[in-house]
Amino acid sequence: MTPRTPTLLVITGPTGVGKTAVAIEVARQIGCDIVNADSRQVYRDLPIGTAAPTAAERALVPHHLVGFLPLEAQYSAAQYESDVLALLPQLWQRAPVAVLCGGSMLYVDAVCRGIDELPTISTEVREAVRDKLAREGLDALVDELRTLDPDYCATLDLHNTRRVAHAVEICRQAGVPYSSLRTGQAKQRPFNIVKVGLNMAREELFDRINRRVDAMIAAGLEQEAQRVYALRHLNALNTVGYKELFAMMDGTMSRQVAIERIKKNTRVYAKKQLTWYRRDPLIEWQHPSGAAQAIIRRLQQVL
RNA sequence: GGUACCUUAGCUCAGUGGUAGAGCAAUGGACUGAAAAUCCAUGUGUCCUUAGUUCAAUUCUAAGAGGUACCA
């Protein structure tokens, strides 16, 4: 079964649904590798809280882009896109399929559709914008954006500080309106994409999430968080499972509440993922049980 | 069996003679270089049932049902 064009099998879905197990089963049967598509599993030192594939799992199937960055690293969806695109041709030399497994919606889209070319923001611009925000407040940034890019300003949620600041950064850096750099066009990829979403009844999913958090605590999540506590200001640690435990360590939240908050925030995250997926017509939905066989059959049509 | 208290949102409860709220849950949405991030929006529920008083009852009265505690 030599493919005419290589295939990227995307396995995605809400957190806790069981993507890793299905991906490993599929990859073993096909004899291919797995590329991580989880924005937090890229960092080392967070294996428990991010439910990263274990050493035993990684011994079964070669994994890529897992635990390869220090927590201090600056990383982005755009960097991820180029990392994956550089990696895939190597994987396709060994097998006609590569599996992309993970639930970070923007990361998956960056690989499947691409994201627009934008200038890299210099340290000076970034700090100048941050400084303006701190000194003059969000309204001042909104006013600036209204001047620099009224079109984008009209579509943006102006309460969203992060987006406003980012838009101003890009306008300043590029010297043109941000909206003029936004194409809204999906890039053509020289490979097939089969996108499978795993999902189950909401009640079943939430039950799995709750139990998985308990399992993480039992596996030593608190110790894992303790070890990186000094770095808690980093974006990589602005993450469900860590921020709540940091609050506990700061004494602003009880242990019991912290654990409940982790469960709740994980549930909220799963819901947010599902909202994103709902508008993606390419996703073929499967229940995790029996998904591996269904996916193999589906791949036969492409290969 | 007796006495007291309770019955209001999925849960725990507050409250009022002019048909109702909080906390915790829960739900919908946005999303293009921080995305497990960031941001927006959402509370109709036989106020246990029936009868009575009243212009008006979830609120007062009575009976019934269920629950909790104590006493037998």
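In what follows, every chain begins at residue 1, and chains take the letters A, B, ... in the order their sequences are listed. Worth saying up front: this structure is predicted, and the values here are computed from it rather than measured. What's counted below: heavy atoms across the whole structure, side chains too, no hydrogens, waters or symmetry copies.
In terms of heavy-atom proximity, A:P62 sits nearest to A:C32 at CD-O, 4.5 Å.
A:R113 comes within 4.0 angstrom of no nucleic acid atom, judged by non-hydrogen atoms across all strands. Within the 4.0 angstrom heavy-atom criterion, base atoms lie near A:D38. As judged by a 4.0 angstrom heavy-atom cut-off over every strand, A:T266 is placed among residues making no nucleic acid contact. Nucleic acid contact class of A:G184 (heavy atoms, under 4.0 Å, all strands): base. Among the protein residues, A:S104 comes within range of the sugar-phosphate backbone only, with heavy atoms under 4.0 Å from sugar or phosphate atoms but none that close to a base. Contacts of A:Y75 with the nucleic acid, taken as non-hydrogen atoms under 4.0 Å apart, involve only primed sugar atoms and P, OP1 or OP2. When heavy atoms are screened at a 4.0 angstrom cut-off, A:Q273 is found touching no nucleic acid atom at all. If you check every strand for non-hydrogen atoms under 4.0 Å, A:N238 touches sugar and phosphate atoms only. Across all strands, A:K243 comes closer than 4.0 Å only to sugar-phosphate atoms, never to a base (heavy-atom distances).
When the C1' atom of B:G33 is taken as reference, atom CD1 of A:I170 falls 7 Å away, rounded to whole Å. Rounded to whole angstrom, the span from the CG atom of A:N265 across to the C1' atom of B:A35 amounts to 15 Å. Between the C1' atom of B:U38 and the CE atom of A:M105 lies a distance of 11 Å, rounded to the nearest Å. The nearest whole Å value for the distance from the OH atom in A:Y277 to the C1' atom in B:A35 is 11 Å. For the pair A:H159 NE2 and B:A41 C1', the computed distance is 11 Å after rounding to whole Å. Atom CG of A:D109 and atom P of B:G33 are 12 Å apart (whole Å). Going from atom NZ of A:K271 over to atom C1' of B:C40 covers 13 Å, rounded to whole Å. Here B:G33 presents its C1' atom at 12 Å from CG of A:N235, a figure rounded to the nearest Å.
A donor atom on one side chain and an acceptor atom on the other are found under 3.5 Å apart for A:D33 and A:H64. No side-chain N or O of A:T266 forms a donor-acceptor pair with one of A:R212 less than 3.5 Å apart.
Toward the 5' end of RNA chain B, the nearer of the two residues A:S76 and A:E260, judged by each one's closest nucleotide, is A:E260. In terms of position on RNA chain B, the residue among A:Y269 and A:R182 whose nearest nucleotide sits closer to the 5' end is A:R182.
Close to B:G33, at under 4.0 Å from its OP1 or OP2, lies no side-chain N or O of A:Y80. Using a 4.0 Å cut-off, some side-chain N or O of A:R40 falls inside it from OP1 or OP2 of B:A35. An OP1 or OP2 oxygen of B:C24 is reached within less than 4.0 angstrom by no side-chain nitrogen or oxygen of A:K264. Phosphate contact (OP1/OP2 of B:C39, side-chain N/O of A:R163, threshold under 4.0 Å): absent. Contact annotation: A:Y107 side-chain N/O to B:G33 OP1/OP2 distance is not under 4.0 Å. Checking the phosphate oxygens (OP1, OP2) of B:A25, a side-chain nitrogen or oxygen of A:R261 falls inside 4.0 Å.
With contacts defined as side-chain heavy-atom distances shorter than 4.5 Å, the pair A:L158/A:C153 qualifies.
Only one option out of A:Q273, A:R267, A:K271 pairs with A:Y269 in a side-chain hydrogen bond (donor to acceptor under 3.5 Å, both in side chains); it is A:Q273. Exactly one residue among A:V35, A:V99, A:I24 makes a side-chain contact (heavy atoms from CB on, under 4.5 Å) with A:H63. That residue is A:I24.
Nucleotides B:G66 and B:U27 place their C1' atoms 31 Å apart, quoted to the nearest Å. Between B:U49 and B:G45, the two P atoms lie 15 Å apart (nearest whole Å). The C1' atoms of B:C13 and B:U58 are separated by 16 Å, rounded to the nearest whole Å. Between B:G64 and B:A25, the two P atoms lie 41 Å apart (nearest whole Å). When the P atom is used for both B:C71 and B:A51, the distance is 38 Å, rounded to whole Å. Rounded to whole Å, the C1' atom of B:A65 lies 39 Å from the corresponding atom of B:G28. Between the P atoms of B:G15 and B:U54, the separation comes to 29 Å (whole Å). For B:C24 and B:A34, the C1' atoms lie 30 Å apart once the distance is rounded to whole Å.
A salt bridge is absent between A:E72 and A:R44; no separation between the charged side-chain nitrogens and carboxylate oxygens falls under 4.0 Å. Salt bridge annotation for A:K263-A:D214: present, with a cationic side-chain nitrogen under 4.0 angstrom from a carboxylate oxygen. Ion pair A:K195/A:E284 not flagged as a salt bridge, since none of the NZ, NE, NH1 or NH2 atoms sits closer than 4.0 Å to an Asp/Glu carboxylate oxygen. A salt bridge is defined here as a Lys NZ or Arg NE, NH1 or NH2 lying under 4.0 Å from an Asp or Glu carboxylate O, and A:D143 with A:R146 meets this definition.
Residues of residues 186-220 of chain A that place a heavy atom closer than 4.0 Å to RNA chain B, in numerical order, are A:R202, A:F206.
Summarising the geometry, atom CD1 belonging to A:I115 is positioned 6.5 Å from atom OG belonging to A:S76; distances are rounded to the nearest 0.5 Å.
Considering only residues two or more places apart in sequence or on other chains, A:Y80 meets the ring-ring contact (aromatic ring centres under 6.0 Å, His included) condition with A:Y107.
Of the candidates B:A34, B:U32, B:C39, the closest approach to any side-chain atom of A:N160 belongs to B:C39. Here B:U32 is the nucleotide among B:A30, B:G33, B:U32 with the atom lying nearest to any side-chain atom of A:Y152. Side chain of A:R126, nearest nucleotide from B:A30, B:A34, B:U32: B:A34.
Under the 6.0 Å distance and 45° angle rule, A:R227 does not count as a cation-pi partner of A:Y229.
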>> Dot-bracket for RNA chain B, please. Rules: Watson-Crick or G-U, both distances under 3.5 Å, ( ) within the strand, [ ] when a pair crosses earlier ones, | for another strand, . otherwise.
In response: (((((((..((((....[..)))).(((((.......))))).....(((((..]....)))))))))))).
